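Report on the structure given below.
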Amino acid sequence: MELKKKNGFLRIFQGSKGVLMEQNKEPALSREIRLLSSTARRQEIPDWEPVTGPEEIDGDEIIRVARMARIVDERDGLPLYKKLTVCRKAGMDIQVDAVDDEPYISSQLGPLLHMKQACAGGMRLAQKATGAQEVTILVYRNIADLELRIPRTVEGFQVRKIGGVYPAEIRPDGPYTENEGRKTMLIGACALIHLYRAVCEGILQTTVFITVSGNCVAGPCNLEVSMGMTVTDVLDRCGLSENPTRIVVGGSMTGESVEDTDQTRITATTRAVLAFREDERDKQYLCISCGLCAEACPADLNPMLIYRAMEMGRGDLLQNMDYQNCIECMCCSYRCPAKLNLAAAISSLKRKKGETS
């Protein structure tokens, strides 16, 4: 059992809790990453002369270039230069996030495997900028459908495989975690690719890496896409084998369903665009009190009781149910045989209470 503190509340995570899911990462992961750009050429960083490697630049300059290149970490939406600055001041190690433990998504693992040189170059630059003693790459162990082999090292950097059920990586509010007693900064693999391009090629970050997949996508793949491009443009590039009933931007577990794909645009934190066709008969039913949601919850909550208290308007009961400790992993909704939107309801309650507090 592991104890973590969040927003003043002590959270208890049960190591056996969560859900084991089929990953569906192929064939997207094995395919080469294609560029889908809205501009003819990439934008250069003004007044910056690219260098060939970290030996030609000092740490302060690396952080300055990360700022000029406007690099955003895909895992948490924070500017990379701020994370590097904090990491250096606090004497942290670096863990490179390529976990991708949600089904279908491989938009961090794919770039890591297909762009090893650029990603490793970004790791060396980040290590030089922060003075980190150790840089480790994190990937998810429980992926059975891989055609690509996950190596033990990438350009000399150790790859550490995380096991367990989803969510294998409990993401904290901020970018920090603990690794064997040492403070560690979590940095997305794609942000490090952009760092390498900024320092060694003089390129601004104008693109993001996303997975396009789902049972309606004719050609599942990982794409490098211009920020600001519409979801419609992305789906047109990959093609649809049939009309989807649901489009999800983000992960299949934590993403958001969107209606107007012409107005929904790719941002710096977009990880995937997924298109699904679902059985219209597979709708919500009444709760059967099976308790599967509580068995799956990594935060040791009882989503069924929270949901019922919400439906009855019993705010007095909710006060003692620790709903604010929900990590929004969606395990409860995934396990619910009645197809109730438990996670969405609890997330909405958290936001509503947060706005009024």
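Values in this document were obtained by computation on a predicted structure and should not be read as measured data.
In this structure, Trp48 contributes its side chain and Val199 its backbone to a donor-acceptor pair below 3.5 Å. For Thr153 (side chain) and Gln158 (main-chain N/O), no donor-acceptor pair under 3.5 Å exists by modelled atom type. Without hydrogens or angle criteria, Thr270 side chain to Ala272 main chain gives no donor-acceptor distance under 3.5 Å. Gln205 places no side-chain N or O within 3.5 Å of a backbone atom of Ala69 that could act as its donor or acceptor partner. A distance-only check finds no donor-acceptor pair linking the side chain of Asn341 to the backbone of Ala344 [under 3.5 Å]. For Asp93 (side chain) and Glu134 (main-chain N/O), a donor-acceptor pair under 3.5 Å exists by modelled atom type. For Thr269 (side chain) and Gly77 (main-chain N/O), no donor-acceptor pair under 3.5 Å exists by modelled atom type. Looking only at distances, no side-chain donor or acceptor of Gln95 sits under 3.5 Å from a matching main-chain atom of Met185. Distance alone, capped at 3.5 Å, places no donor-acceptor pair between the Glu44 side chain and the Gly202 backbone. Remark: side-chain polar atoms of Tyr140 are not paired, donor with acceptor, to backbone N or O of Ala98 under 3.5 angstrom.
Side-chain polar atoms of Gln108 and Arg75 form no donor-acceptor pair below 3.5 angstrom. Side-chain contact annotation: Ser106 with Asn222, donor-acceptor N/O pair under 3.5 Å present. A donor atom on one side chain and an acceptor atom on the other are not found under 3.5 Å apart for Asp262 and Thr230. A donor-acceptor contact under 3.5 angstrom links the side chains of Thr207 and Glu224, judged on distance only. Donor-acceptor pairing under 3.5 Å is recorded for the side chains of Ser37 and Ser226.
A salt bridge links Glu328 with Lys350: at least one charged nitrogen is closer than 4.0 Å to a carboxylate oxygen. Here Glu311 does not pair with Arg308 in a salt bridge; the nearest charged N to carboxylate O distance is not below 4.0 Å. A salt bridge links Glu242 to Arg277: at least one charged side-chain nitrogen sits closer than 4.0 Å to a carboxylate oxygen. One finds no salt bridge joining Lys128 and Asp58 here, because no Lys/Arg side-chain nitrogen approaches an Asp/Glu carboxylate oxygen to under 4.0 Å. A salt bridge between Lys25 and Asp100 is absent, with no side-chain N of the basic residue lying under 4.0 Å from a carboxylate O of the acidic one.
Counting non-hydrogen atoms of other residues, nucleotides and ligands closer than 6.0 Å to CD of Gln117 gives a total of 12 or fewer. Within 6.0 Å of the CG atom in Asn243, the count of heavy atoms belonging to other residues, nucleotides or ligands does not exceed 12. Summarising the local packing, CZ of Arg265 is surrounded by more than 12 heavy atoms from other residues, nucleotides or ligands at distances under 6.0 Å. No more than 12 heavy-atom neighbours from other residues, nucleotides or ligands sit within 6.0 angstrom of CD on Glu22. Environment of CD in Glu55: crowded, with over 12 heavy atoms of neighbouring residues, nucleotides or ligands closer than 6.0 Å.
The six-membered or imidazole ring of Phe276 lies near that of Tyr104, with a centre-to-centre distance under 6.0 Å. A ring-centre distance under 6.0 Å is not found for Phe209 and His114.
Residues Cys221 and Arg34 form a side-chain contact, since some pair of their non-hydrogen atoms from C-beta on lies under 4.5 Å apart.
Shown are Leu36, Val225, Val231, Leu274; of these, the side chain to side chain contact (heavy atoms under 4.5 Å, CB included) with Ile210 is made only by Val225. Partner Leu342 forms a side chain to side chain contact (heavy atoms under 4.5 Å, CB included) with one of Cys297, Ser347, Cys336 and no other, that one being Cys336.
Atom-to-atom distance recorded for Cys331:SG and Leu292:CG is 12.0 Å, nearest 0.5 angstrom.
Placement of Ile162 and Ile143 within a single hydrophobic cluster is found when ILVMFWY residues are connected by side-chain heavy-atom separations under 4.5 Å, directly or transitively.
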